[in-house]
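What follows is a short report on a single structure.
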Number of protein chains: 2
Amino acid sequence: MKLLPERTVERLSKYRRVLQRELDNGVDHIYSHELAKLLHITPVQVRRDIMLIGHTGTLRKGYGIENLITLIGEIIDCNSTSQKVAIIGIGNLGQALLDYLNSSQTKLQLNAVFDNNPEKIGNSYSGTLCYNIDSLKKIVEREGITIGILTVPPQYAKEISIMMVDAGILGIINYTPVSLKLEGAFLEEYDVITSLEKVAYFAKPRNAKMLS
Amino acid sequence: MKLLPERTVERLSKYRRVLQRELDNGVDHIYSHELAKLLHITPVQVRRDIMLIGHTGTLRKGYGIENLITLIGEIIDCNSTSQKVAIIGIGNLGQALLDYLNSSQTKLQLNAVFDNNPEKIGNSYSGTLCYNIDSLKKIVEREGITIGILTVPPQYAKEISIMMVDAGILGIINYTPVSLKLEGAFLEEYDVITSLEKVAYFAKPRNAKMLS
DNA sequence: TATTTTGTGTTACAGAAATCACATAACAAC
DNA sequence: GTTGTTATGTGATTTCTGTAACACAAAATA
């Protein structure tokens with residue numbers, strides 16, 4: 001299949017979670033406009049996304065939730081081999097994300113945590129062992145980890161991102177304020193300060209008025 | 001001035017920080033291609049963003065860093081009254097963000113923290129006092145808080161977002177997995193699981209190959 | 001003073017994403 | 001059957017965002 005648009009993939013992730021909730025409530029079919037309402041988007045967008053992944057709803061009954069969840073799962077995480085995740089840098093943010101992941105029902109499995117602080121190495125964080133950053137490559141290869149969450153202090157970000165790609169990690173989500181450029185891996189950057197300052201701009205009274 | 005594109009505002013936030021770093025290193029002018037390189041974007045994009053905010057560089061010397069920082073500051077946070085921020089829900093993620101903000105040099109000031117846990121109310125978190133969520137409106141009005149970071153458990157998200165807007169908050173950044181719909185305030189949503197699953201999709205070996 | 005170099009400011013274009021508009025099909029009611 | 005209703009599937013259009021192209025001005029060169 002062709003590569004899906006980024007925004008569609010993001011929505012698929014959200015669809016799956018609300019669909020799972022509906023399924024748990026005993027609902028087995030859903031209309032595009034119902035799903036749309038749950039996520040505050042338009043029904044057309046829902047239908048377009050579902051069309052893109054090749055699922056087809058039955059007229060008059062909507063979309064079969066169970067099939068749809070399975071299909072989204074195959075697309076996002078589990079084809080032949082399900083993907084494994086590591087957190088690199090287990091400071092405040094790293095630990096918060098770790099707890100967040102553990103408390104959520106994503107299919108992705110957190111397999112390792114890395115740090116350079118000797119007091120942290122060897123400890124278990126919510127059930128996940130912390131390794132020395134120096135053994136990144138060894139552990140990543142051994143465990144088959146393909147996704148890395150980067151939450152190290154900014155001065156290490158570049159160097160460690162290179163190590164990560166070198167170790168065979170295929171996707172990095174960078175929570176560092178340093179902007180990176182990778183060859184051979186998918187990169188997603190999220191900058192907390194940027195998104196806060198963005199909100200600050202649009203929330204300025206003078207600007208807020210312009211937002212219709 | 002007209003409202004700036006969202007992406008431009010995001011980049012302005014990043015420009016400011018790298019410019020500040022340059023200034024601290026004693027650099028006083030910078031070329032568009034230098035700034036571009038620091039953020040891994042194109043020089044054209046830098047020039048257009050700077051054009052949009054009405055700053056103009058001097059030929060042969062580039063852009064005056066100090067003026068540019070000041071201008072970006074006026075645009076994003078401090079016009080007449082600088083904006084104030086509150087964190088609502090001081091769990092793991094809330095505390096991590098709090099520390100993150102305190103350790104960064106943004107102009108936005110964290111003025112209050114809210115929670116409903118009696119053991120937390122009255123405590124100081126990295127220097128910021130935690131108030132009872134019931135006094136949200138009172139404190140927000142008294143302190144003039146305009147921006148809220150929402151990090152409560154999902155089941156409270158909707159209810160509390162309504163309280164926030166009602167209290168006069170103009171911009172909310174929602175770290176909850178629940179998607180919201182607000183009237184009268186700017187909303188930015190960030191879903192940790194979604195962005196992780198997005199990376200998972202594009203990092204799948206079969207897809208990664210397609211990324212040129 | 002003419003010419004080349006260099007970097008900005010701006011317009012025109014291309015690509016991605018969201019939205020519109022509508023054809024189509026299943027079902028219900030009569 | 002026929003007709004009306006409702007919800008899906010999708011080509012066409014618009015909107016948003018990034019990129020390429022280029023005109024222009026100052027400095028360096030000769």
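Computed from a predicted model, the values in this text were never measured in an experiment. Only this structure's heavy atoms are used, side chains among them; waters, hydrogens and symmetry mates stay out.
- Here the side chain of B:T146 pairs no donor or acceptor atom with the backbone of A:K204 at under 3.5 angstrom.
- Under the 4.0 Å criterion applied to side-chain N and carboxylate O atoms, B:K198 and B:D191 are not assigned as salt-bridge partners.
- Atoms CD (A:E34) and C1' (D:dT6) sit 13 Å apart, rounded to a whole Å.
- Between B:S104 and B:R17, the side chains place no donor N or O within less than 3.5 Å of an acceptor N or O (distance only, hydrogens not considered).
- Residue A:S32 has no polar side-chain atom (N or O) positioned under 4.0 Å from OP1 or OP2 of D:dA7.
- The outermost nucleotides of DNA chain C lying under 4.0 Å from heavy atoms of chain B, listed 5' to 3', are C:dT5 to C:dT10.
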Side-chain donor-acceptor contacts of residues 162-179 of chain B below 3.5 Å, not counting sequence neighbours, with atom names and distances?
residue, atom, partner, partner atom, Å
B:N174, OD1, B:T176, N, 2.9
B:N174, OD1, B:T176, OG1, 3.3
B:N174, ND2, B:V178, O, 2.9
B:N174, ND2, B:E189, OE2, 3.0
B:Y175, OH, A:Y190, OH, 3.0
B:T176, OG1, B:V152, O, 3.4
B:S179, OG, A:L38, O, 3.4
B:S179, OG, A:L39, O, 3.4
B:S179, OG, A:H40, ND1, 3.2

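- Not counting sequence neighbours, B:Q45 has no partner by the side-chain hydrogen bond (donor to acceptor under 3.5 Å, both in side chains) test.
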**Item:** Sequence-aligned protein contact record of nucleotides 10-20 of chain D, with B where the base is within under 4.0 Å of a protein heavy atom and S where only the sugar-phosphate is
**Value:** BBB----SBBB
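- Residue pairs that meet the side-chain hydrogen bond (donor to acceptor under 3.5 Å, both in side chains) test with at least one member in residues 56-66 of chain B, sequence neighbours left out, do not exist here.
- Interface residues of residues 58-66 of chain A facing DNA chain C, ordered by number: A:L59, A:R60; criterion, heavy-atom separation under 4.0 Å.
- Under the side-chain hydrogen bond (donor to acceptor under 3.5 Å, both in side chains) criterion, B:S126 pairs with B:D99, not counting sequence neighbours.
- Taking B:E22 as the reference, nothing meets the salt bridge (Lys or Arg N to Asp or Glu O under 4.0 Å) condition, with sequence neighbours excluded.
- Remark: B:P43 engages B:S32, B:H33, B:A36, B:R47 in a side chain to side chain contact (heavy atoms under 4.5 Å, CB included) (not counting sequence neighbours).
- For the segment residues 173-183 of chain A, no residue has any heavy atom less than 4.0 angstrom from an atom of DNA chain D.
- Within 6.0 Å of the NZ atom in B:K107, the count of heavy atoms belonging to other residues, nucleotides or ligands exceeds 12.
- Note: A:I30 CD1 to A:Y15 OH = 11.0 Å, rounded to the nearest 0.5 Å.
- Not counting sequence neighbours, the partners of B:R11 by the salt bridge (Lys or Arg N to Asp or Glu O under 4.0 Å) test are B:D49.
- For the side-chain hydrogen bond (donor to acceptor under 3.5 Å, both in side chains) test, no residue two or more places apart in sequence or in another chain qualifies with B:N67.
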